[in-house]
Amino acid sequence: MGRVFVAGSINMDVVATADRHPRIGETVAGHAVLYFPGGKGANQAVSAAKLGAPTTLIGRLGGDAFGHELRTFLAAQGIDLSLVRETAGAHSGTAVITIANTDNTIVVIPGANALVSDDDVVAPALAKGDVAVSQFEIPLPAIEAFFRRARAAGATTILNPAPALECGADLLGLVDILILNETELGLLAKTELRDTDDPARFVEAARSLRIGKDGVVCVTLGKRGVLALVDGEPLIVPGRPVKAVDTTGAGDCFVGAVAAQLAGGHSIREALSYGNAAASLCVQRMGAAPSMPTAAEVAVVSSR
Ligand code: ATP
Ligand code: RIB
């Protein structure tokens, strides 16, 4: 089995729940304030590790109380943290999240995540069969250096370009599997997309992206499931009918599950279906990293 290497962000999510989101300038009374380990990199690493893949996380924490708490949590999930550096003088990444009616708004303050450097990401010994995963909450030049290293080693690269940011053709050209939602696809394809659009619009936009040769583009569509371009042909994995309570981290759960499956030698089609099942469990629980399912839980859902 290959190893999953995730280079990415680690945040403490400070979550406020309320009946509805405030309008600009308005104050609303909330129900609770909750603290969950999060950050796209950490969430994806937790997802892969809980689904049985040997997983290494590469990133940075501040030397603060959140940093210690996050390290303890991540170690308990069985993730190799030898490449997570503590950064004196920086605070740990923090996300301020509002949840109302399962929808969220998120403000991320990067802190130590912004200091992840090329030196951090070229440290791991990647090999053929490994999977290298990253997202846009660490500096883009570090992601490019990480993927160059992964490519040279014969590893598979997965990019989740979230949150939505423009990026250069050089980085996209290093990507084997691009996993993104409709907002991120719209930005990269320079067109406006909504999750209610006809699948043909996503296919057209996905085809316009220039990722690596034989690359797969996979668009996550919330409760509608997943639409992918595999070998240039559209593949639809329908969403599973569940009662969502908090979708924070659903995309991360999906990315980590796909990475774990590919590291385990499964095909991309199997990986997409498995990721969809895993993410349908994630949305039924509160919080980001703590809501990632185990392999045993996904096995139960997949057999239905
Ligand atoms: P986030 O940024 O909140 O993590 P995202 O926009 O990156 O989310 P989504 O497309 O909302 O990602 O969701 C990722 C995957 O999670 C979907 O493709 C689907 O498999 C699953 N999913 C999300 N919402 C639901 C839902 N309401 N019911 C069932 N599955 C869901
Ligand atoms: O994708 C969800 C994550 O985005 C949250 O855990 C939050 O930390 C933000 O980075």
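One-based numbering, in listed order, for ligands and for the atoms of each.
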Got more than 12 heavy atoms from elsewhere within 6.0 Å of CD, Glu270?
yes

Near Gly249 (heavy-atom distance under 4.0 Å), the atoms of ligand 1 are 3 (O), 4 (O)

query = Does a side-chain N-to-carboxylate-O contact under 4.0 Å join Asp120 and Arg85?
reply = yes

- [ ] Under the side chain to side chain contact (heavy atoms under 4.5 Å, CB included) rule, what do Phe254 and Cys218 come out as? Steps first, then yes or no, please.
- [x] CA-CA 11 Å; Phe254 180 83; Cys218 176; 3.6 Å; yes

In this structure, atom 12 (O) of ligand 1 is nearest to the protein heavy atom Thr220 OG1, 3.5 Å

Q. For residues His31 and Asp19, is any side-chain donor paired with an opposing acceptor at under 3.5 Å?
A. yes

Looking only at protein heavy atoms, what sits closest to atom 18 (O) of ligand 1 is Gly225 O, 2.9 Å

Nearest non-hydrogen protein atom to atom 4 (O) of ligand 2, with distance, is Lys40 NZ, 3.4 Å

- Query: Between Thr248 and Asn104, do the side chains contain an N or O donor and an N or O acceptor separated by less than 3.5 Å?
  - Reply: yes

Looking only at protein heavy atoms, what sits closest to atom 2 (O) of ligand 1 is Lys40 NZ, 4.3 Å

Taking only non-hydrogen atoms of Val226 and a 4.0 Å limit, the atoms of ligand 1 in range are 18 (O)

Pair Asp252, Gln44: side-chain N/O donor-acceptor within cut-off below 3.5 Å: yes

For the CD atom on Gln284, are there more than 12 heavy atoms of other groups (residues, nucleotides or ligands in this structure) within a distance under 6.0 Å? yes

> So, is Ala250 polar-close to ligand 1, with some N/O to N/O distance under 3.5 Å?
Replying inline: yes

* Between Asp80 and Ser82, does a side chain to side chain donor-acceptor pair (under 3.5 Å) hold up when you go through it step by step? -> CA-CA 6 Å; Asp80 166 27; Ser82 56; 2.8 Å; yes

The option among Asp195, Thr247, Leu180, Val219 carrying the non-hydrogen atom nearest to atom 1 (P) of ligand 1 is Thr247

Contact region, Arg240 to ligand 1, non-hydrogen atoms below 4.0 Å, reads backbone

Ranked by distance from atom 2 (C) of ligand 2, the top protein heavy atom is Asp252 OD2, 3.3 Å

Nearest heavy atom to atom 17 (C) of ligand 1, choosing from Cys218, Gly222, Ala288, belongs to Gly222

So Leu281 and Val301, do their side chains get closer than 4.5 Å, heavy atoms only?
yes

Heavy-atom proximity to atom 3 (C) of ligand 2, picking from Ile10, Val14, Val255, Asn43, points to Asn43

For ligand 2, is Gly251 a contact, meaning one of its heavy atoms is under 4.0 Å away? no

In terms of its nearest heavy atom to atom 20 (O) of ligand 1, the top option of Asn160, Asn276, Val242 is Asn276

Look at Glu182 together with Arg201 and state whether they make a salt bridge at an N to O cut-off of under 4.0 Å. no

shortest atom 4 (O) of ligand 1-to-protein heavy-atom contact is with Gly251 N, 3.0 Å

For atom 21 (C) of ligand 1, the closest protein heavy atom turns out to be Ala279 CB, 3.5 Å

Under 4.0 Å from one or more heavy atoms of Ala244, ligand 1 contributes atoms 27 (N)

Among non-hydrogen protein atoms, atom 27 (N) of ligand 1 lies closest to Lys223 CB, 3.4 Å

Of all protein heavy atoms, the one nearest atom 9 (C) of ligand 2 is Glu137 OE2, 3.5 Å

If I apply the N/O under 3.5 Å rule, does Asn181 come out as touching ligand 1?
yes

Stepwise side chain to side chain donor-acceptor pair (under 3.5 Å) check, Thr55 with Arg3: CA-CA 6 Å; Thr55 302; Arg3 175 169 278 275; over 6 Å; no

Any N/O of Asp13 closer than 3.5 Å to an N/O of ligand 2?
yes

What's the verdict on side chain to side chain donor-acceptor pair (under 3.5 Å) for Thr157 and Asp176, showing C-alpha distance, side-chain angles and the deciding distance?
CA-CA 5 Å; Thr157 57; Asp176 295 316; 3.2 Å; yes

Exercise for review: State whether the shortest distance between N or O atoms of Ala95 and N or O atoms of ligand 2 falls below 3.5 angstrom.
Suggested key: no

Residue pair Phe202 / Leu185, side-chain heavy-atom distance below 4.5 Å = yes

Exercise for review: Determine, stepwise, if the pair Ser117 / Asp119 fulfils side chain to side chain donor-acceptor pair (under 3.5 Å).
Suggested key: CA-CA 5 Å; Ser117 69; Asp119 286 347; 4.7 Å; no

Ala288 heavy atoms within 4.0 Å reach ligand 2 at atoms 6 (O)

